[in-house]
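Everything on this sheet refers to the single structure shown next.
Each chain gets a letter, A, B and so on, in the order its sequence line appears, and its residues count up from 1. Just so we're clear, the structure is a prediction, and the values are computed from it rather than from any experiment.
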Number of protein chains: 2
Amino acid sequence: MILSRTSQYAIQALIFIATRPSGEPVLNREIASYLGVPSAYLAKIMQNLCKGNLLYSYRGRLGGFCLREGAEKTGLMQILMMTEGPSFTQDCVLGLKVCSDATACPMHAKWLPIKQKIVAILNDQTLEKLARAVQSGKYRLTDLPSTLLAASSRT
Amino acid sequence: MILSRTSQYAIQALIFIATRPSGEPVLNREIASYLGVPSAYLAKIMQNLCKGNLLYSYRGRLGGFCLREGAEKTGLMQILMMTEGPSFTQDCVLGLKVCSDATACPMHAKWLPIKQKIVAILNDQTLEKLARAVQSGKYRLTDLPSTLLAASSRT
DNA sequence: CCAATTTCGGATAAAATCCTCCGAAACAAC
DNA sequence: GTTGTTTCGGAGGATTTTATCCGAAATTGG
């Protein structure tokens, strides 16, 4: 509905890393297989997040990725700026090139508060918080195995 | 940020038709040139909206498209169901196949209220309301001509 | 140094979305 | 009926997004 696959993978991967002991590099292969996403593609995304100064990357035997110091405080909005670009918040709902308070599309007035709410929540949700939510066991980062999935839909 | 081009074109076109005297067919060509969107592509979209029982279409000399009776009461959500499909509201923000109150992604609890708000607003905004907003002159359906655009950015 | 492992970077493929073209069918005016 | 206009329907092209592949560079351990 809102996020590209690229963004979803990026967020999932970062939360996953945040659930792991900080400082210990996590392999791309491990992340991809845990999340069930294509590892070659995820590798590209990870590379990008490195360039965005969110991750450290180490090559070779004890290589992998880990969060930079302080990166657990990163809000989702910041991540989306890298993966979706600034147009994510700037673009008009109806696709007008220019749509501001001064000259707006007919949805503008109703949409603006919603957009602000979205941005606020995405800013508020940090990797740290989300990782904790996962660690608590109350929330999942990956799909249920298909066996369980079939079972739960039967209940 | 949220809507495909197809959806944006569909909404724009429908609002445009709603601003015109009801019952008088509007040419696809006219809609496309007014909105500044590719007319062959818009034609496909219009065709789809016909199949969704939102529009009547007439071929030949006095042909064109016009809203079905009562279609002015259609909310944007209903239109998006045709153009984006039901997954538009159903999909998980983080991309999980299954994400419900029972078993959820770490964003679920925060996201759900937002999603509901979005759906509510999209349901509330009908073609009629949006057409009136445009007719009032307070809101625009198309981009400003580039000459004016340059001028406004200079102020 | 050598072998194994991992990320890096570029090229390329596959799929989805966006967009175009064209002949056919329907319709109005003459 | 003929001509001109418009939508219909299917085929196909272009672009963007998603995904794969592979050789090179970096790193560790023997």
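- More than 12 heavy-atom neighbours from other residues, nucleotides or ligands sit within 6.0 angstrom of NZ on Lys115(A).
- Atoms CG (Leu42(A)) and P (dT20(D)) sit 11 Å apart, rounded to a whole Å.
- Put simply, CE on Met46(B) is 17 Å from C1' on dG9(D), counting in whole angstrom units.
- Nucleotide dT12(C) holds its P atom 19 Å from the OH atom of Tyr41(A), rounded to whole Å.
- dC8(D) atom C1' lies 15 Å from atom CD1 of Ile45(B), rounded to whole Å.
- Counting any heavy atom pair closer than 4.0 Å across all strands shown, Tyr56(B) reaches no nucleic acid atom.
- Remark on DNA chain D: of its neighbouring residues Pro38(A) and Phe65(B), the 5'-side contact belongs to Phe65(B), judged by nearest-heavy-atom nucleotide.
- Between Ser7(A) and Gln47(B), the residue anchored closer to the 5' end of DNA chain D is Gln47(B), taking for each the nucleotide with the nearest heavy atom.
- Of the candidates dA29(C), dT6(C), dT7(D), the closest approach to any side-chain atom of Leu27(A) belongs to dT6(C).
- Between the CG atom of Asn48(B) and the C1' atom of dG9(D) there is a distance of 12 Å, given to the nearest Å.
- Closest approach to the Arg29(B) side chain among dT6(C), dC8(C), dT6(D) is made by dT6(D) (side chain taken as heavy atoms from C-beta onward).
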> What do the steps show when you test Leu122(B) against Met107(A) for side-chain contact (heavy atoms from CB on, under 4.5 Å), and what is the final call?
Replying inline: CA-CA 9 Å; Leu122(B) 291 177; Met107(A) 279 297 291; 4.1 Å; yes
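- Across the protein-nucleic acid pair, Lys44(A) atom NZ and dT12(C) atom P stand 13 Å apart, rounded to whole Å.
- Checking dA19(D), dA26(D), dA4(C) against every side-chain atom of Arg61(A), the shortest atom distance belongs to dA4(C).
- Between the side chains of Tyr34(A) and Gln12(A), no donor-acceptor pair is found at a separation under 3.5 Å.
- Dashed line: the shortest gap from a side-chain N or O of Ser57(B) to OP1 or OP2 of dC8(D) is under 4.0 Å.
- Here the nucleotide nearest the side chain of Arg59(A), chosen from dC18(C), dG29(D), dA25(D), is dA25(D).
- Remark: Tyr9(B) is not in phosphate contact with dC18(C), judged by side-chain N or O atoms under 4.0 Å from OP1 or OP2.
- Closest to the side chain of Ala40(A), out of dC21(C), dT20(D), dT18(D), is dT20(D).
- Residue Arg5(B) contributes atom CZ, which lies 14 Å from atom P of dT15(D) at whole-angstrom precision.
- At least one donor-acceptor pair closer than 3.5 Å links the side chain of Glu72(B) to the backbone N or O of Gly70(B).
- Counting to the nearest Å, the C1' atom of dG4(D) and the CG atom of Leu62(B) are 12 Å from each other.
- The CG atom of Leu67(A) sits 10.5 Å away from the CD atom of Glu128(A) when rounded to the nearest 0.5 Å.
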